[in-house]
Colleague: 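Please find one structure pasted underneath; my questions will follow.
Bear in mind that the values here come from a model prediction, so they are computed numbers and not experimental data.
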Amino acid sequence: MLAAEAWLPQIYKAVKEALFPPKCLACGLFLRVSANRPDGLPEQFFKHKTYLRQNKNAIFKQVLAPFLCSTCADGFLPVESPICSQCGVMFKSRTGEDHRCGACLDSPKRYGRARSFGVHAQVLMAVIHRFKYKRKIQLARPLGTLLLATLLAYWDDNGFDLVVPVPLHPKRFRE
């Protein structure tokens, strides 16, 4: 009886994948199921700011591998220097150092620094929209991992005073 109980989770997983095969959350194509898909990032990666800043494509692909096809994962655009040192927007020119952009110089913001893991376009926007509007709650952990990687890459332990949520529309708040 004990041997049968060990096989039940594997049988359940096989039946579930046969009846409800996984689809790419960006384009909708069926995903090839792989038994050796990574589950998140190894803990040592979170200890190296340089790794986190320079390997955003690899981190994105590893964290979201169970949810995206390789074509869509390749469409991810990481935020890379040079960027505005205050609002974090990437400059069109890909040469030079980080500095404040014209918008931040013209009208100072009420915050010191904002950062993003990737450009909110294409595949990242599709994944965020699936999480927010299509109730794909299985994306909470991977998106949280990307937020944590951004936090660890750009801030020290005492580098911020307050973290605030983006307010919801009243209708969404009632939901």
Colleague: To the nearest 0.5 Å, what is the distance between SG (Cys84) and CE (Met90)?
Modeller: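 Rounded to the nearest 0.5 Å, the SG-CE separation comes out at 13.0 Å.
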
Colleague: Tell me, which pairs form a salt bridge (charged side-chain N to carboxylate O under 4.0 Å, His left out) where one or both residues lie in residues 70-82, sequence neighbours left out?
Modeller: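 The answer is Lys61-Asp74.
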
Colleague: Mind checking what makes side-chain contact (heavy atoms from CB on, under 4.5 Å) contact with Tyr12, not counting sequence neighbours?
Modeller: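 Here the qualifying residues are Lys16.
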
Colleague: Treating Ile, Leu, Val, Met, Phe, Trp and Tyr as nodes and any side-chain heavy-atom pair under 4.5 angstrom as an edge, say whether Phe131 and Leu68 lie in one connected cluster.
Modeller: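 Phe131 and Leu68: one cluster.
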
Colleague: Could you grab the distance from atom CG of Leu64 to atom CD1 of Ile59, nearest 0.5 Å is fine?
Modeller: 11.5 Å

Colleague: Restricting to salt bridge (Lys or Arg N to Asp or Glu O under 4.0 Å), what partner residues turn up for Arg135, sequence neighbours left out?
Modeller: Glu175

Colleague: For Asp98, enumerate each residue passing the salt bridge (Lys or Arg N to Asp or Glu O under 4.0 Å) test, keeping only those at least two apart in sequence or located in another chain.
Modeller: none

Colleague: In chain order, what residues pass the side-chain hydrogen bond (donor to acceptor under 3.5 Å, both in side chains) check against Ser93, with sequence neighbours excluded?
Modeller: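 Scan of Ser93 (side-chain hydrogen bond (donor to acceptor under 3.5 Å, both in side chains), adjacent residues dropped) gives Thr95.
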
Colleague: Counting neighbours of CG on Leu19 that are heavy atoms of other residues, nucleotides or ligands and sit closer than 6.0 Å, is the number greater than 12?
Modeller: yes

Colleague: Counting neighbours of CD on Gln10 that are heavy atoms of other residues, nucleotides or ligands and sit closer than 6.0 Å, is the number greater than 12?
Modeller: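 Atom CD in Gln10 is crowded, with more than 12 foreign heavy atoms closer than 6.0 Å.
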
Colleague: Heavy atoms only: give me the nearest Leu52-Ala153 pair and the separation to one decimal.
Modeller: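 Distance-wise, the nearest heavy atoms are CB-CB, 3.7 Å.
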
Colleague: State, to 0.1 Å, how close Gln122 and Gly75 come at their nearest heavy-atom pair, and which atoms those are.
Modeller: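 The answer is OE1-O, 3.0 Å.
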
Colleague: Identify, with sequence neighbours excluded, every residue that meets ring pair (Phe, Tyr, Trp, His ring centres under 6.0 Å) alongside Phe20.
Modeller: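 For Phe20 there are no ring pair (Phe, Tyr, Trp, His ring centres under 6.0 Å) partners, ignoring immediate neighbours.
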
Colleague: Is Leu148 reachable from Val63 through a run of hydrophobic residues whose side-chain heavy atoms are each under 4.5 Å from the next?
Modeller: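 Val63 clusters together with Leu148.
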
Colleague: Output a table of donor-acceptor pairs, distance under 3.5 Å, between side-chain atoms of residues 108-120 and any protein atom two or more places apart or on a different chain; print 'none' if there are none.
Modeller:
unit_1	atom_1	unit_2	atom_2	d
Arg113	NH1	Tyr154	O	2.9
Arg115	NH2	Ser85	O	3.2
Ser116	OG	Gly118	N	3.4
Ser116	OG	Gly118	O	2.7

Colleague: How far apart are the closest heavy atoms of Trp155 and Thr150, and which atoms are they?
Modeller: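 Closest heavy-atom pair between Trp155 and Thr150: CE3-O, 4.1 Å.
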
Colleague: Search all heavy atoms of Cys104 against all heavy atoms of Arg100 and return the closest pair with its distance.
Modeller: O-NH2, 2.9 Å

Colleague: Please, which pairs that meet salt bridge (charged side-chain N to carboxylate O under 4.0 Å, His left out) have at least one residue in residues 82-93, sequence neighbours excluded?
Modeller: none

Colleague: Hydrophobic cluster membership, with links at side-chain heavy-atom distances under 4.5 Å among I/L/V/M/F/W/Y: are Ile83 and Leu146 in one?
Modeller: no

Colleague: Between Val123 and Ile128, is there shared hydrophobic-cluster membership here, with clusters defined by ILVMFWY side-chain heavy atoms closer than 4.5 Å?
Modeller: yes

Colleague: Under the ring pair (Phe, Tyr, Trp, His ring centres under 6.0 Å) definition, can you give me all pairs with a residue in residues 78-103, not counting sequence neighbours?
Modeller: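 Every pair satisfying ring pair (Phe, Tyr, Trp, His ring centres under 6.0 Å) with a residue in residues 78-103: Phe91-His99.
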
Colleague: In chain order, what residues pass the side-chain contact (heavy atoms from CB on, under 4.5 Å) check against Lys136, with sequence neighbours excluded?
Modeller: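 So Lys136 forms a side-chain contact (heavy atoms from CB on, under 4.5 Å) with Leu25, Arg130, Lys134, Gln138, Leu139.
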
